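Have a look at the structure below, then the notes.
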Amino acid sequence: MYLSTIFVAVGWVFAGVKSKPLPTSQSHAITSVLSRLTEYYHSSPNVTEGLFDQSISPWWESGSIFNTYMDFAKYTGSTKYKALVGEALVLNSYGKAHDFFGTDHEFVSIVVGRWNDDVEWYAQAVVAGAELYGPHTYMPGLRGNGTWISLAQRTIDEVYDYWTPGCGGGIYWSTDPAQYATYKSGITQLEFISLATRAYLLTKNGTLLQITERLFTWIVDSGMVDLATGTVFDGVDTVGCTVSKAQWSYSYGHLVGGLSYLYRATGNSSYLTYASKIATTAINIFAPDGVAEELCEVTGSCNQDQQGFKAIFLRQLSYLYLTTHDQELKSNISTVLQKSAEAALATCDASWNCEGDWTNGSTQVYPAFRSTHLVAAALVALEGTTKQ
Ligand SMILES: *[C@@H]1O[C@H](CO)[C@@H](O)[C@H](O)[C@H]1NC(C)=O
Ligand SMILES: *[C@@H]1O[C@H](CO)[C@@H](O)[C@H](O)[C@H]1NC(C)=O
Ligand SMILES: *[C@@H]1O[C@H](CO)[C@@H](O)[C@H](O)[C@H]1NC(C)=O
Ligand SMILES: *[C@@H]1O[C@H](CO)[C@@H](O)[C@H](O)[C@H]1NC(C)=O
Ligand SMILES: *[C@@H]1O[C@H](CO)[C@@H](O)[C@H](O)[C@H]1NC(C)=O
Ligand SMILES: *[C@@H]1O[C@H](CO)[C@@H](O)[C@H](O)[C@H]1NC(C)=O
């Protein structure tokens with residue numbers, strides 16, 4: 001809606017689907033939106049140490065946002081947010097405890113409410129730090145107490161403790177025995193695949209790859225993922241081994257990203273074939289006109305968690321873009337990332353107040369904080385396509 005303003009303000013130019021270095025205005029847009037986002041980290045009156053304002057954002061979402069900053073650092077070489085994100089990850093892993101579940105796992109699970117999928121967002125940012133700064137480098141700050149890779153490995157082991165043979169395998173979602181204790185949510189498995197595979201690429205610890213490939217086999221055998229159609233469902237309830245059929249953009253996106261890493265780890269091209277199929281299905285469902293939209297946006301019914309999913313969808317598509325050599329697939333992904341970033345940016349005014357609703361079909365209302373992250377993630381995801 002502020003389209004003309006923004007075109008005048010930053011002279012946004014799109015180069016078509018063939019990727020080439022983006023215009024300076026692109027880097028200006030990214031740094032401006034990320035700066036805006038960072039204000040919620042630093043200056044909110046309700047900010048909790050190391051987090052975005054907890055009155056407007058669930059804990060997991062901060063972990064997802066730290067991944068956006070990490071991707072930004074990776075794609076641009078910028079060290080601007082290195083200290084902020086490093087500190088945040090140390091604080092959220094309870095400083096010297098060097099553990100996202102702290103020293104009292106039960107308390108953190110039940111009272112604080114951290115579950116396996118939640119801690120895996122943070123651990124993925126940690127593994128990104130290991131990739132960027134060296135796995136055996138100590139995490140920054142006086143309060144840290146260990147290396148990037150040791151925190152990633154610890155989290156992997158803690159989460160994997162919730163693998164059970166029920167319904168053939170899989171990891172439980174909840175760490176609170178009183179809530180959703182029988183559900184193996186898809187996102188818990190899909191995050192694990194990325195996390196453990198990226199850790200494997202850094203450590204060459206063969207056990208990590210072995211358990212990850214076993215987990216991938218399980219998500220297919222359980223019916224949660226249908227490789228023939230490229231469909232990804234929400235998860236499996238171990239009562240009756242029933243598949244819950246809700247579909248979310250981040251499940252598709254995350255599996256596409258995870259399979260890209262599995263291909264890098266194994267050289268097995270089957271993983272890329274699956275990723276391509278799933279990405280094509282995902283684009284048809286969540287970006288039929290090229291602009292990302294969660295299905296619940298049409299009825300304006302996305303809850304605060306669901307509102308953040310398409311940020312993950314877009315960022316993970318970049319991982320496949322950077323992995324595949326299939327030019328048609330790259331072009332398909334590039335179109336989505338460009339159109340989404342363009343539509344996202346078109347909602348911004350000259351002061352970089354943006355909106356999370358980018359399509360004509362959507363009636364979703366987004367709070368300013370989440371809108372800012374969604375736009376930042378779309379721009380960062382697009383930046384990934386300039387790397388190759
Ligand atoms: C901060 O928290 C208080 C109490 O929960 C709330 O009334 C207030 O609106 C919050 N302020 C912001 C900026 O979120
Ligand atoms: C730092 O980590 C080590 C190894 O995990 C642990 O033994 C030690 O107690 C930690 N230090 C503090 C101050 O908690
Ligand atoms: C290798 O990975 C497995 C599974 O996560 C873990 O139990 C083991 O401790 C790891 N080995 C090392 C040396 O970190
Ligand atoms: C590649 O992965 C597929 C899917 O998991 C598997 O069926 C196949 O055996 C693997 N191929 C090799 C050569 O390991
Ligand atoms: C690219 O998108 C077109 C149009 O949706 C589709 O038919 C084609 O299969 C896609 N190609 C790849 C490699 O994903
Ligand atoms: C919304 O509708 C307008 C007018 O029909 C069209 O020009 C525009 O491309 C549409 N935007 C999206 C994101 O579909």
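Only a predicted model underlies this, so the values are computations on that prediction, with no experimental measurement involved. Counting starts at 1 for both ligands and their atoms, in listed order.
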Could you list which atoms of ligand 5 come closer than 4.0 Å to a heavy atom of D326? 13 (C)

Nearest non-hydrogen contact to atom 8 (C) of ligand 5 from the set K330, K277, E328 belongs to E328

Measure the shortest side-chain to side-chain distance between E87 and V90 over non-hydrogen atoms and say whether it is less than 4.5 angstrom. no

Nearest-contact summary for atom 5 (O) of ligand 3 - protein heavy atom, Å: D157 OD1, 2.6 Å

Side chain, backbone, both or neither: which part of L329 comes within less than 4.0 Å of ligand 5 when only heavy atoms are counted? both

Centroid-centroid under 6.0 Å between Y40 and F369 rings: yes

Distance-only, no hydrogens or angles: does the K82 side chain make a donor-acceptor pair with backbone N or O of P140 under 3.5 Å? no

Whether K310 and E293 form a salt bridge (side-chain N of Lys/Arg under 4.0 Å from carboxylate O of Asp/Glu) is what I want to check. no

Shortest protein heavy-atom distance from atom 14 (O) of ligand 5, along with the residue and atom involved: T280 OG1, 2.8 Å

Any idea which part of Y263 is under 4.0 Å from ligand 4, heavy-atom wise: side chain, backbone, both or neither? neither

Taking the side chain as every heavy atom from C-beta outward, state whether L208 and T203 have any pair of such atoms under 4.5 Å apart. yes

Which protein heavy atom lies closest to atom 4 (C) of ligand 4, and at what distance to 0.1 Å? Y274 OH, 3.4 Å

Of the side chain and backbone of I283, name the one, both, or neither that has a heavy atom under 4.0 Å from an atom of ligand 5. neither

If I compare all heavy atoms of V375 with all of E355, which pair ends up nearest, and what's the gap? CG2-O, 3.7 Å

Could you tell me the residue and atom name of the protein heavy atom closest to atom 10 (C) of ligand 5, and the distance to it rounded to 0.1 Å? N332 ND2, 2.4 Å

Could you find the nearest protein heavy atom to atom 6 (C) of ligand 3 and give me its residue, atom name and distance? Q153 NE2, 3.4 Å

Below the 3.5 angstrom mark, is there an N/O of N205, backbone or side chain, next to an N/O of ligand 3? yes

Kindly determine whether F192 and F216 satisfy ring-ring contact (aromatic ring centres under 6.0 Å, His included), including the steps that lead there. CA-CA 10 Å; F192 191 92; F216 175 71; over 10 Å; no

Residue selection (non-hydrogen contact nearest atom 12 (C) of ligand 4) among L262, N268, L227, T273: N268

Can a salt bridge be assigned to the pair R36 and E39 using a cut-off of 4.0 Å between side-chain N and carboxylate O? yes

